[in-house]
Amino acid sequence: MPELPEVETVRRGLEPVLAGKRFNKVEQRRPDLRFPLPERFVARLEGRKVERLERRAKYILAHLDSGEVLTMHLGMTGRFTITKPKGNSQQLGEFTYEHGADATHDHVVFTMSGGAIVTYNDARRFGYMTLMPEAELIEHPHFKGLGVEPLGNELNADYLARRASGKKTDLKAFLMDQRIVAGLGNIYVCEALWRAHLSPDRVAHALATRMGKATPAAERLVGAIRRVLEEAIAAGGSTLRDYKQADGSLGYFQHRFAVYGREGEPCLTPGCRGKVRRKTQAGRSTFACRVCQR
DNA sequence: AAGAACTCCTGTTGGC
DNA sequence: TGCCAACAGGAGTTCT
């Protein structure tokens with residue numbers, strides 16, 4: 001489900017109920033998600049304190065006082081629900097959800113020392129969790145080849161140009177590749193390419209000159225990626241704030257997309273007369289305007 | 001060996 | 001209304 005802005009929003013929502021708190025009780029309701037849950041999962045968590053909660057790419061990382069790190073990936077449909085001691089619930093995910101309404105896909109439940117009950121729900125079970133000593137994290141297959149954080153300084157036009165150099169794949173696949181830029185997904189790749197006026201079909205190495213130097217297209221793309229992610233995070237944050245005083249429903253993803261999900265509708269580029277088209281690339285829907293994205 | 005296709009799983013949606 | 005194919009914010013594995 002979530003891309004970087006959604007994962008970051010979930011992290012921010014979880015932080016106050018996890019960071020500095022202990023796992024008083026951990027319920028594991030099935031042996032696996034996408035992969036088997038870690039060995040002795042419950043025993044290694046119970047009694048441990050979360051020292052801090054970080055995000056890397058689309059992973060949420062809980063650093064524990066045992067020296068281990070709990071990593072959580074939400075896959076396509078993973079979500080966390082926080083139930084506060086008073087009984088009202090807060091959902092960090094896509095859909096409105098009344099806590100307790102349907103526990104069919106509630107797979108892991110954390111009861112924290114602050115009193116919050118944090119439930120991981122994942123219908124498709126494409127999400128996963130791992131638990132390992134902090135030192136092993138950088139060598140772990142999930143993290144080792146991960147590309148740069150798009151909101152950090154490492155993402156710049158020269159980096160993109162260098163990584164794109166010689167790559168014959170198209171820009172859509174290039175940007176979806178977590179080894180290049182970590183955290184983008186189908187929606188934000190479509191949105192960033194639209195903002196940069198670049199066709200998803202353009203060959204990736206067109207971002208670089210023959211000398212491997214960045215092109216104006218690479219510069220535009222970097223700016224577009226940063227801005228769309230920053231705006232989305234800001235929107236997620238404000239939604240969460242509103243929610244705290246709300247009654248139990250959360251319209252979480254209210255961000256307005258320029259192309260994603262807008263097949264057949266007019267392109268929003270000022271002065272452009274094109275329509276948004278949808279096509280399938282690598283089994284995923286790509287939305288783009290053929291007129292202003294070249 | 002890069003690049004594309006296939007796969008895991010369940011739920012929702014839209015067309016007939 | 002029912003049925004069924006298509007599709008869904010991901011990414012590891014297996015192919016060509």
Side-chain angles (χ1 to χ4, degrees), chain A residues 1-11 30-37 55-60 71-80 91-97 101-107 120-130 140-147 150 163-193 200-205 225 228-229 231-233 235-236 239 250-264 278-287:
Chain A
M1 160 181 52
E3 303 181 36
L4 186 152
E6 292 71 52
V7 176
E8 177 58 23
T9 302
V10 170
R11 188 199 68 78
R30 52 174 304 129
D32 55 10
L33 298 171
R34 179 174 184 180
F35 307 116
L37 282 156
R55 181 192 55 74
R56 169 74 172 113
K58 299 171 192 171
Y59 294 85
I60 294 170
T71 80
M72 297 167 277
H73 193 292
L74 305 177
M76 292 279 258
T77 51
R79 22 186 174 145
F80 284 100
Q91 197 222 319
L92 304 169
E94 178 180 13
F95 310 102
T96 51
Y97 173 75
D102 178 10
T104 305
H105 301 296
D106 289 353
H107 305 309
Y120 180 72
N121 176 290
D122 189 351
R124 291 176 77 180
R125 253 180 289 126
F126 286 173
Y128 41 98
M129 298 186 189
T130 65
H140 189 276
H142 291 161
F143 295 91
K144 184 165 184 161
L146 228 40
R163 297 300 302 269
S165 179
K167 282 230 175 352
K168 291 188 173 67
T169 192
D170 58 46
L171 277 182
K172 174 79 187 303
F174 176 71
L175 293 177
M176 291 284 286
D177 187 342
Q178 301 299 296
R179 295 169 301 183
I180 310 293
V181 181
L184 296 176
N186 204 36
I187 289 178
Y188 294 104
V189 167
C190 291
E191 294 295 314
L193 287 169
D201 299 324
R202 192 195 280 216
V203 67
H205 66 62
I225 290 168
V228 73
L229 295 179
E231 288 172 26
I233 290 172
T239 304
L250 176 57
Y252 170 65
F253 210 37
Q254 297 165 321
H255 198 65
R256 302 271 299 216
F257 300 126
V259 285
Y260 189 85
R262 293 190 64 246
E263 181 179 13
R278 186 181 80 87
K279 71 167 190 166
T280 300
Q281 274 178 304
R284 316 293 299 279
S285 285
T286 299
F287 297 88

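Everything numeric in this text was worked out from a predicted model, so none of it was measured. Chain naming here is simple, since letters A, B, ... match the order of the sequence lines and numbering starts at 1 in each.
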If you look at every strand shown and take non-hydrogen atoms under 4.0 Å, does A:Arg34 touch a base, only sugar-phosphate, or nothing?
-> base
May I ask you to decide if the ring planes of A:Tyr188 and A:Phe257 are parallel, tilted or perpendicular, using 30° and 60° as cut-offs?
-> perpendicular
Could you check whether the rings of A:Tyr128 and A:His73 sit parallel, tilted or perpendicular, using 30° and 60° as the cut-offs?
-> parallel
Between C:dA8, B:dG3, B:dC8, which nucleotide has the shortest distance from any of its atoms to the side chain of A:Phe126?
-> B:dC8
No-H, no-angle donor-acceptor pair, A:Arg284 side chain to C:dA8 base, under 3.5 Å = no
Proximal nucleotide (of C:dA11, C:dG10, C:dC7) relative to the A:Arg278 side chain | C:dC7
Note: A:Lys279-A:Asp201 ion pair, threshold 4.0 Å (strictly below) = yes
Kindly point out which of C:dG10, B:dC9, B:dG11 is positioned nearest to the side chain of A:Met176?
-> C:dG10
Side chain of A:Ala123 only, please: which of B:dG11, C:dG10, C:dA8 is the nearest?
-> B:dG11
Knowing that exactly one of A:Arg284, A:Glu3, A:Gln281, A:Lys172 qualifies, which makes a side-chain hydrogen bond (donor to acceptor under 3.5 Å, both in side chains) with A:Asn186?
-> A:Lys172
So what's the dot-bracket for DNA chain B: Watson-Crick or G-U pairs under 3.5 Å, [ ] if a pair crosses, | if it pairs off-strand?
-> .|||||||.|||||||
Could you work out the separation of B:dA1 and C:dA11 based on their P atoms and round it to a whole Å?
-> 24 Å
Could you give the NE2-to-P distance, from A:His142 to C:dT13, as a whole number of Å?
-> 8 Å
With a 4.5 Å heavy-atom cut-off, do A:Leu184 and A:Leu229 have their side chains touching?
-> yes
State which of B:dG3, C:dG10, B:dC9 makes the closest approach to the side chain of A:Arg125.
-> B:dC9
Using only side-chain N and O atoms of A:Lys168, determine if any of them is under 4.0 Å from OP1 or OP2 of B:dA2.
-> no
Presence of A:Tyr128 side-chain N/O under 4.0 Å of C:dG12 phosphate oxygens OP1/OP2 | yes
Among the candidates C:dA11, B:dG11, B:dC9, find the nucleotide nearest to the side-chain atoms of A:Gln178.
-> C:dA11
Of the candidate nucleotides B:dC9, C:dG10, B:dG3, which contains the atom at the shortest distance from the side chain of A:Thr169?
-> B:dG3
Here the distance between atom C1' of B:dT12 and atom NE2 of A:His105, to the nearest Å, is 12 Å
Please test A:Arg124 against A:Thr77 for side-chain hydrogen bond (donor to acceptor under 3.5 Å, both in side chains), starting from the C-alpha separation and ending with a verdict.
-> CA-CA 6 Å; A:Arg124 291 176 77 180; A:Thr77 51; 5.5 Å; no
Taking only the side-chain nitrogens and oxygens of A:His73, find out if one of them lies under 4.0 Å from OP1 or OP2 of C:dA11.
-> yes
With P as the reference atom in both, quote the distance from B:dA5 to C:dC7 in angstrom, rounded to an integer.
-> 15 Å
Can you find a pair of side-chain heavy atoms, one from A:Leu146 and one from A:Arg56, that are under 4.5 Å apart?
-> yes
